[in-house]
*Asks:* 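Please see the structure below; I have some questions.
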Number of protein chains: 2
Amino acid sequence: MSKMTKKERFLATSLKLINEKGFKATTIRDLASSLNCEVANIYNYIDSKQSLLETYLFGISNEFHFAMDTIIDSKISSEEKLKLIIRTHIDLMVKKPYELALLVNEWRNLKEPKLSTFIAEKNTYENKVKTVIKEGMEQGVFRSLDLEIATFTFLSTLRWLHDKNTGYPIKMDPLEIEKQITQFVFSGLCID
Amino acid sequence: MSKMTKKERFLATSLKLINEKGFKATTIRDLASSLNCEVANIYNYIDSKQSLLETYLFGISNEFHFAMDTIIDSKISSEEKLKLIIRTHIDLMVKKPYELALLVNEWRNLKEPKLSTFIAEKNTYENKVKTVIKEGMEQGVFRSLDLEIATFTFLSTLRWLHDKNTGYPIKMDPLEIEKQITQFVFSGLCID
DNA sequence: TATTTACATGAACACTTGTTCATGTAAATA
DNA sequence: TATTTACATGAACAAGTGTTCATGTAAATA
């Protein structure tokens, strides 16, 4: 337990620092001084700086996929599925804001072959979202927009949350955020 | 003219490379070998690696502000203003996809005091968009969503363009993209 | 008690980084 | 023709990088 606690605390501190400075800009010595320990000591916790990034990224990536698969397999309408996708993103933003910011900003720093693996997972996720939207369009529930554009525009509406919620405390009630974004996505800005 | 041509070509090549690898990951030696020239030669064009990034970022930032100010000062409806903002983003994406991607991805690599200046410009821009949306809400043209959320969600819908359009040729007709995104933003996904 | 385990240390490594220097050349300008 | 200008070169630098090493300690386990 104490073993885990120590490593976990290291991982948490690192995550925060990497978010502030960026992965490339954060040196092992930065991590060490932020943890009040010696540089070499860090290698008691991790194999390499790269593996640290990999741990974070594939960690949340898995969480997203797990949630997504649950949603897709459930017997609910396309509209409800999309609502749940929005809810999942906001949930994860509240619970793991730093990991989410990494997912958006730092995945480019992965190296092959992990980079390809990650991109594949990313594409798979996007395709699952695309499928939900496609179903909705075919059922006449969603407007028949270009599928690619609709999917990526939708995903984008969930992305600014990460940019805004790193470092700052989340002021607004998550449920309220969810309500607002759902309304934007489903009904748009205009009244008519 | 030949002076400008040479420097411009250097700037264009650098821009592409920095987009592929990221600013931090792109070394002066990378630039040199990509340009088939010696490392030292690069410093005939630029003062420092940092100044290179600054040139790019403040360059497009200015373009955005210029376009935005024209829109804001024109005597048209809030709805029309928002449409023009969408058009501006897509226009710039088509004309300067690499600069735009930098604007989104690499501004964190600026150093003080340029970083603060950039963030201030960024905030100013976002506030101008916010004002347009606020006007629309007050006039009853736009749905009364939370202003912050509506603004950033709107801006996000224009951001994925950059991610998707670096490196790849833009397949879809810009006018069609504009039409689709405008529809998404104004009317949302749902039919009802 | 003996031995493993978890964590800590500081020096050293091999390498990469941005940048500068002194020098050179070929064309444009005066 | 003389001189400035634009561009090119290769070596060198000082600083910073991730990582490893041999060694140490204090507590948990056997």
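Values below: every heavy atom of this structure, side chains too, minus hydrogens, waters and symmetry copies. Proteins get letters first, then strands, A, B, ... in listed order; numbering begins at 1 in each.
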*Asks:* Using a strict cut-off of less than 4.0 Å between a Lys/Arg side-chain nitrogen and an Asp/Glu carboxylate oxygen, indicate whether B:K24 and B:E106 qualify as a salt bridge.
*Replies:* no
*Asks:* Please evaluate residues A:T117 and A:E121 with respect to the criterion side chain to side chain donor-acceptor pair (under 3.5 Å), reporting the C-alpha separation (whole Å), side-chain torsions for both, the decisive distance (0.1 Å), and the verdict.
*Replies:* CA-CA 6 Å; A:T117 307; A:E121 287 189 14; over 6 Å; no
*Asks:* Set out, line by line, the N/O atom pairs under 3.5 Å between protein and nucleotides 24-27 of chain C.
*Replies:*
none

*Asks:* Please report, rounded to the nearest Å, how far the C1' atom of D:dT17 is from the CG atom of A:L52.
*Replies:* 16 Å
*Asks:* What is the distance, rounded to the nearest whole Å, between atom CG of A:N41 and atom P of D:dT23?
*Replies:* 18 Å
*Asks:* Would you kindly give the NZ-to-P distance between A:K21 and D:dG16, to the nearest whole Å?
*Replies:*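 About 12 Å, once rounded to whole Å.
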*Asks:* Mind checking side-chain hydrogen bond (donor to acceptor under 3.5 Å, both in side chains) for B:K96 and listing every partner two or more places apart, or none if nothing turns up?
*Replies:* B:E63
*Asks:* Does A:K130 form a salt bridge (Lys or Arg N to Asp or Glu O under 4.0 Å) with A:E126? I'd like the steps, not just the answer.
*Replies:* CA-CA 6 Å; A:K130 197 182 283 181; A:E126 289 167 356; over 6 Å; no
*Asks:* What does the 5'-to-3' dot-bracket notation of DNA chain C look like when only Watson-Crick and G-U wobble pairs under 3.5 Å count, and pairs to other strands show as |?
*Replies:* ||||||||||||||||||||||||||||||
*Asks:* Not counting sequence neighbours, list each pair that qualifies as a side chain to side chain donor-acceptor pair (under 3.5 Å) and has a residue in residues 26-40 of chain B.
*Replies:*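 Qualifying pairs, neighbours excluded: B:K21-B:D30, B:T27-B:D30.
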*Asks:* Are there more than 12 heavy atoms of other residues, nucleotides or ligands under 6.0 Å from atom CG of B:D73?
*Replies:*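 Counting other residues, nucleotides and ligands, CG of B:D73 exceeds 12 neighbours.
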*Asks:* Suppose we screen for ring-ring contact (aromatic ring centres under 6.0 Å, His included). Which residues come up paired with A:F64, at least two apart in sequence or across chains?
*Replies:*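 A:F64 satisfies ring-ring contact (aromatic ring centres under 6.0 Å, His included) with A:H89, A:Y125 once adjacent residues are dropped.
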*Asks:* When you compare the side chain of A:E135 with that of A:F142, does any pair of heavy atoms fall below 4.5 Å?
*Replies:*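 They are not in side-chain contact.
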*Asks:* Just the rounded figure in Å: distance from C1' of C:dC7 to CG of A:L35.
*Replies:*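 Spelled out: CG on A:L35 to C1' on C:dC7 is 13 Å.
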*Asks:* In whole angstrom, what separates A:I42's CD1 from C:dA6's P?
*Replies:*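 Atom CD1 in A:I42 sits about 19 Å away from atom P in C:dA6.
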*Asks:* Could you list all N or O pairs between the protein and nucleotides 18-22 of chain C that sit under 3.5 Å apart?
*Replies:*
residue : atom : partner : partner atom : Å
C:dG18  : OP1  : B:K49   : NZ           : 2.9
C:dG18  : OP2  : B:I28   : N            : 2.9
C:dG18  : N7   : B:R29   : NH1          : 2.9
C:dG18  : O6   : B:R29   : NH2          : 2.8
C:dT19  : OP2  : B:Y43   : OH           : 2.7
C:dT19  : OP2  : B:K49   : N            : 2.8
C:dT19  : O5'  : B:Y43   : OH           : 3.3

